[in-house]
Amino acid sequence: MCKPACEVFNLTKKESHSTKGRALLLWRIVAGYSTFNSRDAEIVYQSTLDTISQSWCVHGYPVGEYVHAARCELVKNGTPPLPVSYVLENLPSPTEAPKASTVLLTEMSVDPEVLNILPNGVPEVWITSTGRIPYVLGDIDSAKEIADEVSENIRKAGIKKLVVDGPVGMYTFTVLYKILEAKLPEDLEIIPLSAVIEEALDKNLISPKGKDGRNFFVHDSRTAFYLAEESADDKVLQPALSDCDEGSGSGEIFDRPRRIIKKAGFSMVESVWSRAMSRSSGADDALDLTYPMLADGLARARIDQVKALGADTIICESYADAIILANASKHEDDPEVIWLSKLFAKKD
Amino acid sequence: MMHQLQKSYLENELVDIVGKDNVLTEESDLLVYAVDYMWIPRMYIDRGRTPPLPDFVVLPADSDEVSRIVKLANIYQVPVIPWGGGSGSQGGAMPLYGGITIDLKRLDHLIEIDRISQTVTAEAGINGYDLESALNRAGFTLGHLPASMHSATLGGYLAARGSGVLSTKYGKMEDIVMSVEVVLPDGDIINTLPVPTHASGPGILQLFVGAEGSYGIITKAVSRIERLPEERRFMAFLFDEFSDGLEASRTVMLERLSPSVLRLYDEASTRKRIKSILGLDLKGFYMVVGVEGASEIINYQQKRIMEICKSNGAKELDSSNAQQWWDHRYNFYFPPKCLDFPSMFGTMDTLCTFDKIPSLYADKKRILEEKYADWSLQYIAHLSHWFPWGAMIYDRFIIEEPPQDPDEALALHNEIWNVAVRISLEHGAVLNEHHGVGLKLARHVREQYGPAFKVLETMKYGMDPHCILNPGKMGFGPTR
């Protein structure tokens with residue numbers, strides 16, 4: 001029943017990539033009739049964690065949790081597929097934190113130019129692994145080890161305010177680290193970069209760059225699903241009803257980037273496939289690291305979907321989403337993809 | 001049984017047609033193509049058995065590739081089973097004798113919406129929800145909104161002669177379709193006539209619609225579409241007696257008031273399903289009625305329907321209940337609210353003229369509940385698809401604790417179906433209204449048609465002498 005939502009399935013059309021296909025395989029294993037073979041293992045990872053199907057499901061079946069549990073089982077048995085093993089064997093270690101009270105933390109290097117828009121001076125930038133990648137791939141032990149080290153590095157560096165680069169960072173430090181029981185300092189403030197940007201916009205310290213009259217589409221990271229205050233409701237099952245046009249699911253994680261776009265004076269288009277029902281960019285749940293062709297396929301599908309809505313610019317709060325979608329935006333008439341932070345420049 | 005060497009040559013040729021990435025051979029990929037929504041293959045998975053698997057699953061990109069695959073199957077004399085969304089409840093897409101399952105979902109293009117004639121042309125593999133969404137955005141609807149819409153494909157709708165929740169107004173799929181492109185059992189591609197109604201000789205459109213892939217593989221269809229209604233309104237009623245609800249509904253239909261929805265739940269359904277899904281604790285026979293269209297027209301329809309229902313003893317319920325039913329109508333089919341394991345269940349929907357409904361409903365309920373009292377069989381029903389001359393009884397049996405042994409479960413399941421089907425046929429009803437025949441009812445098709453079955457048989461073996469297409473279904477034998 002969740003086929004309209006199921007992302008990799010809609011790309012490949014193979015039933016084994018659907019929620020039903022995975023459920024049949026996993027049932028046989030859970031019931032003890034079968035054990036994982038190499039193709040089963042591939043199928044478990046040739047997917048995001050499929051939280052979009054979880055959002056879609058009327059009664060909230062924890063689809064994402066089942067996929068994750070299967071991954072943990074495969075890692076525990078030492079039998080994840082080769083691309084996953086490669087990623088897990090080559091995890092970068094956490095780096096030392098800069099000694100500063102405010103730090104911008106990212107998992108990948110960002111364009112330093114964007115830091116010029118921040119109102120209270122350029123914070124120290126800290127590029128480090130966080131443990132999120134091994135976690136989504138099912139390697140809980142490595143995830144916990146990294147999370148503990150990152151927490152200790154934060155403590156040692158005396159960091160009081162951690163600015164994270166988007167929903168992925170917010171999820172990592174406010175949700176995942178609790179699951180991993182990583183001991184962050186109690187007085188540590190964690191805020192998304194978008195909150196800093198909104199503050200700067202409200203104080204008239206920054207202004208939007210680029211041409212006027214653009215029609216924006218806000219791409220919500222799939223990771224934002226974990227930060228939603230309310231999940232999608234069953235209205236999304238009704239095809240193309242106008243009251244579903246804004247997508248389903250509520251929370252600041254979805255509202256803030258939209259507020260920023262409105263305050264900057266731009267118009268927006270919406271889609272039922274946004275908010276808690278947002279389609280993946282391909283950068284979710286490490287799919288871009290393990291099965292990059294599928295990830296690129298998802299990115300291209302998202303570009304096509306947004307193009308059909310009539311938007312000429314896609315805004316991503318997540319830096320990883322912006323990178324993969326920008327790479328997929330190849331044709332002249334494809335929407336431009338911009339990371340939220342790069343939309344603005346400091347006012348003189 | 002194909003020798004492995006022969007299989008590898010066949011695989012080689014299939015790869016030539018559709019590309020390596022679109023030929024599936026590993027069991028992990030094949031398994032899901034052995035399981036639709038029929039209880040038996042799902043029971044097999046539940047109990048640790050493997051249902052019959054195809055030898056290959058192929059995903060062609062267009063009708064030419066479908067044609068080439070079917071021609072190849074004729075050379076190798078292997079079965080071909082078309083697959084759409086896999087949401088059928090009858091085992092129609094089960095690969096009983098192995099062979100090649102053709103997954104049509106890459107044929108998913110919406111080709112044209114013709115606003116002048118109000119038709120849509122689309123490939124058979126398009127997902128039902130995607131098709132309806134695209135039509136809605138253009139201001140139209142297919143008028144076919146089945147519970148399986150999110151999973152089913154246009155081809156699947158046609159293969160099984162599906163009904164949607166609005167079929168009472170807009171018709172079943174065989175009424176909605178205008179013409180189809182079909183790949184015949186020999187691989188030739190044909191088109192039926194451009195309009196469904198004519199006096200140009202026997203109509204062949206309806207040979208393929210409802211044939212579940214046994215006469216040809218539908219690859220494209222032109223269907224009529226409707227404008228989105230100006231308004232859609234609902235009413236809800238509660239009757240004390242089934243006969244009152246039935247009489248009210250019959251009168252509504254005979255006065256040609258054209259309701260979009262007319263759904264009368266029996267007492268057991270009202271108690272079990274309406275309570276579970278909508279949270280309404282009602283004693284009696286719940287009925288939802290919908291009207292849609294131009295406001296002035298539905299004003300009259302609504303007023304007259306209200307008069308008819310009340311004159312038949314209906315208590316009018318808050319219309320927000322009916323709106324709630326409409327807004328959450330798909331919730332009935334999602335776990336954990338849908339009927340599911342460990343129960344054994346089946347939907348025995350049948351169709352007959354108005355005069356036969358009371359005795360058919362009463363006898364089927366009594367006989368099944370008495371005969372299977374040891375299994376605590378529950379019988380629930382509603383009437384949901386109405387015609388100018390009769391109605392469909394959408395009845396289901398549920399056994400909450402069926403046998404665990406798969407062979408015992410299979411035997412009990414088939415026995416119940418034998419009894420249920422024969423009661424329907426004895427009362428002048430048919431095997432099925434909109435789920436099709438598939439594997440589940442294949443053995444009853446000959447019985448249903450009697451001497452007329454030879455018409456179907458002659459056409460089948462005339463077109464498909466080796467029985468390549470979907471063997472073992474529709475009362476036909478294996479590939480030969």
Side chain from CB out, backbone as N, CA, C, O: work out which of these in [X] comes under 4.5 Å of a heavy atom of chain A, or both, or neither.
X: V57(B); answer: neither
X: A152(B); answer: neither
X: D21(B); answer: both
X: L145(B); answer: neither
X: R329(B); answer: side chain
X: Y333(B); answer: both
X: I45(B); answer: both
X: N127(B); answer: side chain
X: D29(B); answer: both

Evaluate the side chain to side chain donor-acceptor pair (under 3.5 Å) criterion for residues S267(A) and N215(A): first the C-alpha distance (whole Å), next the side-chain angles of each, then the deciding distance (0.1 Å), finally the verdict.
CA-CA 5 Å; S267(A) 60; N215(A) 214 5; 2.9 Å; yes

Hydrogens and angles aside, do D36(B) and S89(B) bring a side-chain donor and acceptor to less than 3.5 Å of each other?
no

Do other residues, nucleotides or ligands put more than 12 heavy atoms under 6.0 Å from R227(B) CZ?
no

CD/E231(B): more than 12 non-hydrogen atoms of other groups inside 6.0 Å:
yes

Residues in residues 27-44 of chain A near chain B [non-hydrogen atoms, under 4.5 Å]:
W27(A), R28(A), Y33(A), N37(A), R39(A), D40(A), I43(A)

Ion pair present between [X] and [Y], side-chain N to carboxylate O less than 4.0 angstrom?
X: K307(A); Y: D334(A); value: yes
X: R258(A); Y: E270(A); value: yes
X: D340(B); Y: R42(B); value: yes

For [X], all residues meeting ring-ring contact (aromatic ring centres under 6.0 Å, His included), sequence neighbours excluded:
X: H150(B); result: W56(A), Y129(B), Y330(B)
X: Y226(A); result: Y171(A)
X: H68(A); result: Y135(A)

Heavy-atom pairs under 4.5 Å with chain A - which of T141(B), L131(B), L24(B), L30(B) has more of them than the others?
L24(B)

Hey, which of D46(B), L59(B), N22(B), V35(B) has the most heavy atom pairs under 4.5 Å with chain A?
D46(B)

Begin with the C-alpha distance, continue with both residues' side-chain angles, and end with the deciding distance and a verdict on side chain to side chain donor-acceptor pair (under 3.5 Å) for D220(A) and S278(A).
CA-CA 6 Å; D220(A) 300 295; S278(A) 179; 4.8 Å; no

